[in-house]
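In what follows, a structure is listed as structure tokens, so that the remarks can point back to it.
Hydrogens, waters and symmetry mates are skipped; everything else that's a heavy atom, side chains included, is used. Order of the sequence lines fixes the chain letters, A, B, ..., with proteins taken first and strands second; residue numbering starts at 1 for each chain.
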Amino acid sequence: MNERTLKAAFSEGLLGWYKVAKRDLPWRRSRDPYHIWISEIMLQQTRVDTVIPYFNRFVERFPTVADLAAAPEEDVLKAWEGLGYYSRARNLQAAAREVTERYGGRVPDDKAAVSGLKGVGPYTSGAIMSIAFNRPEPAVDGNVMRVLSRYFCIDEDIARPATRIGMEGLARKLIPEGEAADFNQALMELGAMICTPKSPSCLVCPVMEHCQGRQAGREEELPIKTKAKPPKPQYRLAALTLDASGRVLVRQRPEQGLLARLWELPHAEIPDAEQWRSAEAAPALFEAAMAAEGLAIRAERHIADAEHIFTHLHWYVRVWTAELTDGGEAAGTGSGSLPEGYRWIGPAEFEQLAWPNLFRKLLAQHFSGALEAAAGAERRI
DNA sequence: AAGGCGGGGGC
DNA sequence: GCCCCAGCCTT
């Protein structure tokens, strides 16, 4: 079979399968390019099942581009809480403001304009142009690279940017006339449902017959991908500090970087794991580290441990109860002696602010009494 | 080209 | 435990 026939068989088989097998997803019930856009940003590095509830809440809370553009940033962050990669939320709102001001609140049917929006890269621009406007642009994500690597038995490392460029050229040629929206979604659907990373379901695959990877017996070893580096361990101590009325001392993270603008318990890295672990050495190191950030505390008692794995970091977080050492003024009614970004919160404020999952879980346990109960049980042993 | 940037599901 | 996911941005 020649190359042209191989491609035609692929496109026809895949498209025919998709038209009868496609999943009923919330954003597929809409033709609104704004909805397509929201869904594609949320779906970056995030699974469909995770995105669905976020998508539904988000479009209800921000029904139009103008609503999103006009919303307080903290509202957008709260709507994104738990979804991860929070720069997506900030970029999305910045882009919504650009669409409102420059394009009258409508997502432009223009490849260059869409590509220029913050948070929209090669994949997402192709997805919006094809799915929302049926333009024949490729939308090459991890699914597509896996499917194409297998079907055409391509050995190139999909971690290399150059490989994605090549895949885009191939994917562009595969789009059947006038079928960009369905075909691009079919490619991703096949990758998600049939041509999975592990144990692909070749026997029910609509294009198995001509799959070059399977014919070579290599469907399990493709695609080729260089391994990611393991996350770097970081040992951190966090302070659970209460005032007289039971409120908890928390702080907001900086505007840039990891977990930007989310809220957290005050904490500091202890570079030496052994010292971090040591009940004798840890308090003084913790107190010094917090003092360097302008917060004078005394660490009292180890109360909980938590772990959180990011793509590039592995946090080991040990929570100590703590007290402010600069007298009652800081623990009072917010007289201003707290460092910038710090505040006292009760259960009501806890629900309003946006937290990374690690601290959301810890504080939820504290406010429900579970944290102290567990520590008390441990102490009795 | 490499690294920063979350969180969860599947096996 | 390990892998990977409907990636983008900065350097």
Side-chain angles (χ1 to χ4, degrees), chain A residues 22-23 25-28 36-55 77 80-92 94-95 114-132 138-147 157-165 167-168 171 181 184-193 195-201 220-221 223 225-232 234 253-254 256-262 264 307-315 354-361:
Chain A
K22 69 176 177 184
R23 288 172 289 178
L25 302 175
W27 44 92
R28 287 183 180 164
I36 307 300
W37 175 25
I38 298 299
S39 73
E40 290 302 338
I41 299 297
M42 288 186 170
L43 286 162
Q44 290 168 6
Q45 298 284 283
T46 312
R47 293 167 189 283
V48 165
D49 289 344
T50 301
V51 165
I52 288 174
Y54 282 92
F55 174 84
L77 206 53
W80 211 268
E81 180 188 41
L83 198 52
Y85 287 130
Y86 298 96
S87 66
R88 292 186 294 178
R90 177 176 44 189
N91 288 337
L92 180 59
V114 168
S115 298
L117 297 173
K118 282 190 178 176
V120 176
Y123 162 75
T124 305
S125 65
I128 293 173
M129 295 310 296
S130 61
I131 298 171
V140 174
D141 66 348
N143 280 318
V144 173
M145 288 199 282
R146 182 172 60 256
V147 169
D157 181 357
I158 65 170
R160 291 175 51 232
T163 302
R164 199 206 74 238
I165 304 288
M167 294 276 183
E168 285 173 348
N184 281 352
Q185 292 182 86
L187 261 177
M188 294 185 277
E189 192 92 338
L190 188 78
M193 306 299 294
C195 197
T196 48
K198 306 286 183 189
S199 306
S201 304
E220 296 267 12
E221 69 187 66
K225 184 177 185 179
T226 55
K227 288 193 196 311
K229 295 200 327 190
K232 185 174 109 185
Q234 282 189 350
R253 294 183 59 84
Q256 305 234 333
L258 184 69
L259 304 170
R261 288 181 230 193
L262 273 64
E264 64 182 8
E307 244 181 281
H308 196 73
I309 303 173
F310 302 89
T311 305
H312 59 302
L313 295 175
H314 189 152
W315 278 6
W355 308 85
N357 274 5
L358 165 69
F359 291 108
R360 189 177 55 71
K361 288 177 185 170

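Each of B:dG8, B:dG7, B:dA1 was ranked by its minimum atom distance to the side chain of A:P161; first place goes to B:dA1. Here B:dG3 is the nucleotide among B:dG3, C:dC4, C:dA6 with the atom lying nearest to any side-chain atom of A:K229. With C:dC8, B:dG8, B:dG6 as the candidates, the nucleotide lying closest to the side chain of A:K361 is B:dG8. The side chain of A:P356 has B:dG7 as its nearest neighbour among B:dG7, C:dC9, C:dC3. Between C:dC8, C:dA6, C:dC4, one nucleotide has an atom nearer to the side chain of A:T124 than all others, and that is C:dC8. Side chain of A:K198, nearest nucleotide from B:dC5, C:dG7, C:dC3: C:dC3. Checked against C:dG7, C:dA6, B:dG6, the side chain of A:Q44 finds its nearest nucleotide in C:dG7. Picking from C:dC5, B:dG6, C:dC3 the nucleotide with the shortest atom distance to the side chain of A:K227 gives C:dC3.
B:dG6 and C:dC3 have their C1' atoms separated by 16 Å, with the value rounded to a whole Å. Between C:dC9 and B:dG8, the two P atoms lie 24 Å apart (nearest whole Å). Between C:dA6 and B:dC11, the distance separating the two P atoms is 14 Å to the nearest Å.
Residue A:H308 places at least one side-chain N or O under 4.0 Å from the OP1 or OP2 atom of B:dG7. When the side-chain nitrogen and oxygen atoms of A:T46 are compared with OP1 and OP2 of B:dG7, none of them lie within a distance under 4.0 Å. Residue A:N357 places at least one side-chain N or O closer than 4.0 Å to OP1 or OP2 of B:dG8. The side chain of A:K118 contributes no N or O atom lying less than 4.0 Å from OP1 or OP2 of C:dC8. Taking side-chain N and O atoms only, A:Q45 has a distance below 4.0 Å to OP1 or OP2 of C:dG7. Residue A:H312 places none of its side-chain N or O atoms closer than 4.0 Å to OP1 or OP2 of B:dG4.
In this model, no side-chain donor or acceptor of A:T50 finds a partner on the base of B:dG8 within 3.5 Å.
Each of A:R160 and A:Y86 was assigned the nucleotide of DNA chain B with the nearest heavy atom; the assignment lying further toward the 5' end belongs to A:R160. Between A:R47 and A:G121, the residue anchored closer to the 5' end of DNA chain C is A:R47, taking for each the nucleotide with the nearest heavy atom.
A side-chain donor from one of A:N143 and A:R146 sits under 3.5 Å from a side-chain acceptor of the other. Donor-acceptor pairing under 3.5 Å is recorded for the side chains of A:Y123 and A:E40.
One can place CE of A:M42 at 21 Å from P of C:dC5, the figure rounded to the nearest angstrom. Between the CG atom of A:L117 and the P atom of C:dC9 there is a distance of 10 Å, given to the nearest Å. A:N91 places its CG atom 11 Å from the C1' atom of B:dC5, with the value rounded to the nearest Å. Atom CG in A:L187 sits about 12 Å away from atom C1' in C:dA6, given to the nearest Å. To the nearest angstrom, P of B:dG4 lies 16 Å from CD of A:Q256. A:N143 has its CG atom 17 Å from the P atom of B:dG9, to the nearest Å. Nucleotide C:dC4 holds its P atom 20 Å from the CE atom of A:M193, rounded to whole Å.
Using a 4.0 Å heavy-atom cutoff across all strands shown, A:G257 reaches sugar-phosphate atoms only and no base atom. Using a 4.0 Å heavy-atom cutoff across all strands shown, A:R23 reaches at least one base atom of the nucleic acid. In this structure, A:R253 reaches neither bases nor backbone, as no heavy-atom distance under 4.0 Å exists between it and the strands shown. Nucleic acid contact class of A:Y85 (heavy atoms, under 4.0 Å, all strands): base. No contact: A:S39 has no heavy atom under 4.0 Å from any strand. A:V120 comes within 4.0 angstrom of the backbone, heavy atoms only, and of no base.
The residue from A:K232, A:H308, A:E307 that alone fulfils the side chain to side chain contact (heavy atoms under 4.5 Å, CB included) condition with A:H314 is A:E307. Evaluated for a side chain to side chain contact (heavy atoms under 4.5 Å, CB included) with A:L262, the options A:W355, A:F359, A:Y86 yield exactly one hit, A:Y86.
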- Task: Go through A:E189 and A:R28 one step at a time and tell me if the salt bridge (charged side-chain N to carboxylate O under 4.0 Å, His left out) criterion holds.
- Result: CA-CA 12 Å; A:E189 192 92 338; A:R28 287 183 180 164; 2.9 Å; yes

- Item | Check against side-chain contact (heavy atoms from CB on, under 4.5 Å), A:K22 and A:Q185 | CA-CA 9 Å; A:K22 69 176 177 184; A:Q185 292 182 86; over 6 Å; no

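Under the Watson-Crick or G-U wobble criterion, with both distances below 3.5 Å, B:dG6 is left unpaired in every strand shown.
Taking the six-membered ring where the residue is Trp, the centroids of A:W80 and A:Y54 are separated by 6.0 Å or more.
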